[in-house]
Amino acid sequence: QLAALSECPEAKVFKVATDLDDSVYTPRTVLSPALIELITEELKLNISFLPQTEQLRPSQRTAAEEPTQTRMPIITVMGHVDHGKTSLLDALRHSNIARGEAGGITQSVAAFQVPLPSADLGNEEEAFATFIDTPGHAAFKAMRANGTVGTDIVVLVVAADDGVMPQTIEAAKLARLASVPIIVAINKCDAPGADPERVRYQLLDQLQLNAEQLGGDVQCVDISAKTGSNLPQLLDAISLQAEMLDLRANLNAPGAGVCLESRIDRALGSVATIVVRNGMLRAGDFLLFQSPKVLRGDLYGRIRGIIASDSERLNEATPGMTVGVIGIKTTIPPGAEVHVVENEKLAKAKSREMLAKNASAVSTINLANSLLAARESEEEQKEAKGNREDEHEAELDHTQSEPEKRKLAVLVKGDVQGSADAVAQCIQSLETADLNIRILGAQVGDVNDMDMKIISTSRQVKDSVEEPIVVAFNVRTKDSAIRTAKRFSIPILTHSIIYHLEDEVKNRISDILSAGR
Ligand code: GDP
């Protein structure tokens, strides 16, 4: 509709939309007003909106669910790589993770709480803010995009000696798409060459973020994560922003929140990290997960136990907390909405209902898949027939046709769903005109014998020119799988740093391409 209205090719609108946001767009996707605004901005179109009269689904709210208590703000720190996100979180947490991590990059979502200065948040008790640790590499865009879901405030870190960079722009766009207010932290103000004023003008020019110092309304604090200077002022700014947002929750409402990640812990089994936004989560509760991107009818489960971010066991989790929930057997997609439901029957029914709602999308996908399969088998049959009927002609055809495209089949295993998805996305983006990349799956857990079977069958059945590889990101490989890999000569690339993994996959690709010549 947007394409038609703007007399712009549909493909162009799709491209702009996917560049702005990672979500998968189909002709059925309903675009948010914020996204429409950004798309029209990018396409330089003039579109005005009719005023909206209705607030967000008020009719669905019952009196008992009316938000009543102040809840702590949930903060996500975003920004360009090396601008000091990890150092800032580290300084706020008074620990030393910035030095200890693999490659110095934050790779999975966690959270911690920091006491806020005694701003009047409406009650006598000490106020806290929950900080969500977000990943710092472009390949983790998918996860980071979900990091803002369930976030109240984004702290955008910009290095004073480097200025606005591509990931600064991307982070600001993601925050705007999610309608989350931004506080800017100009970091490294202690460094030689630091020029916070220049950064403020860049923010204004490039991102239309008008800092208070320039007369605008965006809070902007000059800090140093290294020396700790002005960190209390940053917390003040957060406290003020939280007050303006008037974040409220009702402990009596059904528990609701957002799933940040789900992973398999060797000792605890499946652990889903959930930010609670309303109500309470308690052991024994049934949870329903809703993700518009996932077409599955099994996104529900029962809480067996709750752990705080420091592995401490809890009986319940209140609004604003980020906790690990144990006992959900299925892997939950990052970014999924979480709702407590009364019982398993209801969870199952609602889950099926959700799937049915998506049925048209499912059937479109199934239809497309079966059409593709039918076309493939038709082509195979034609080929076989041609070979039998006229071998000479077929040979001639073959010599005239394009050289065969090389293919790579990849199975990704990761420690959390978000990183497995991000790795798969990163590898998929390495596809070239000469090499087709087929991702067989992106799953959570160690590489096992079943994985090797899947990938070796793909090689035998699908296509003899397809090279298989298994990628183990932050996970181990079982001994039996190593033996199978050796037997079938299937490489397993084991990495914990995305840059190294990317390099090795690139090397493999150039090997495959040069072998094909
Ligand atoms: P991230 O990639 O955004 O998480 O950035 P890091 O926190 O890993 O920081 C990148 C580099 O900048 C590290 O070498 C830090 O020691 C350095 N750094 C971070 N904050 C500051 C700061 O406030 N001042 C100075 N001088 N260096 C900093």
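Indexing begins at 1, ligand by ligand and atom by atom, following the structure's order. Heads up: numbering here begins at 1 and tracks the sequence.
Counting the atoms of ligand 1 from 1 in the order shown, those under 4.0 Å from a heavy atom of His80 are 3 (O). Of all the atoms in ligand 1, the ones that sit under 4.0 Å from a non-hydrogen atom of Lys85 are 1 (P), 2 (O), 3 (O), 4 (O), 5 (O), 7 (O). Listed by number with element, the atoms of ligand 1 under 4.0 Å from a non-hydrogen atom of Thr86 are 1 (P), 4 (O), 7 (O).
In terms of polar-atom proximity, defined here as any N/O pair under 3.5 Å, Ala225 does make such a contact with ligand 1.
Counting heavy atoms under 4.0 Å from ligand 1, residue His83 touches it through the backbone alone.
Judged by distance alone, with hydrogens and angles left aside, the side-chain atoms of His83 form a donor-acceptor pair with the main-chain N or O of Ala159 at under 3.5 Å.
A salt bridge is absent between Asp446 and Lys413; no separation between the charged side-chain nitrogens and carboxylate oxygens falls under 4.0 Å. At a threshold of 4.0 Å, the pair Asp152-Arg71 counts as salt-bridged, since one of the basic side-chain nitrogens sits closer than that to a carboxylate oxygen. Salt bridge Glu197/Arg200: present, at least one basic N to carboxylate O contact under 4.0 Å.
Here atom 5 (O) of ligand 1 lies nearest to Gly84 when heavy atoms of Gly79, Ser87, Gly84 are compared. Of the candidates Asp161, Asp190, Asp82, Asp190 brings a heavy atom nearest to atom 22 (C) of ligand 1.
Scored by the salt bridge (Lys or Arg N to Asp or Glu O under 4.0 Å) test, Lys506 finds Glu502 as partners (sequence neighbours excluded).
Enclosure of atom CG in Asn315 is not indicated, since only 12 or fewer non-hydrogen atoms of other residues, nucleotides or ligands lie within 6.0 angstrom.
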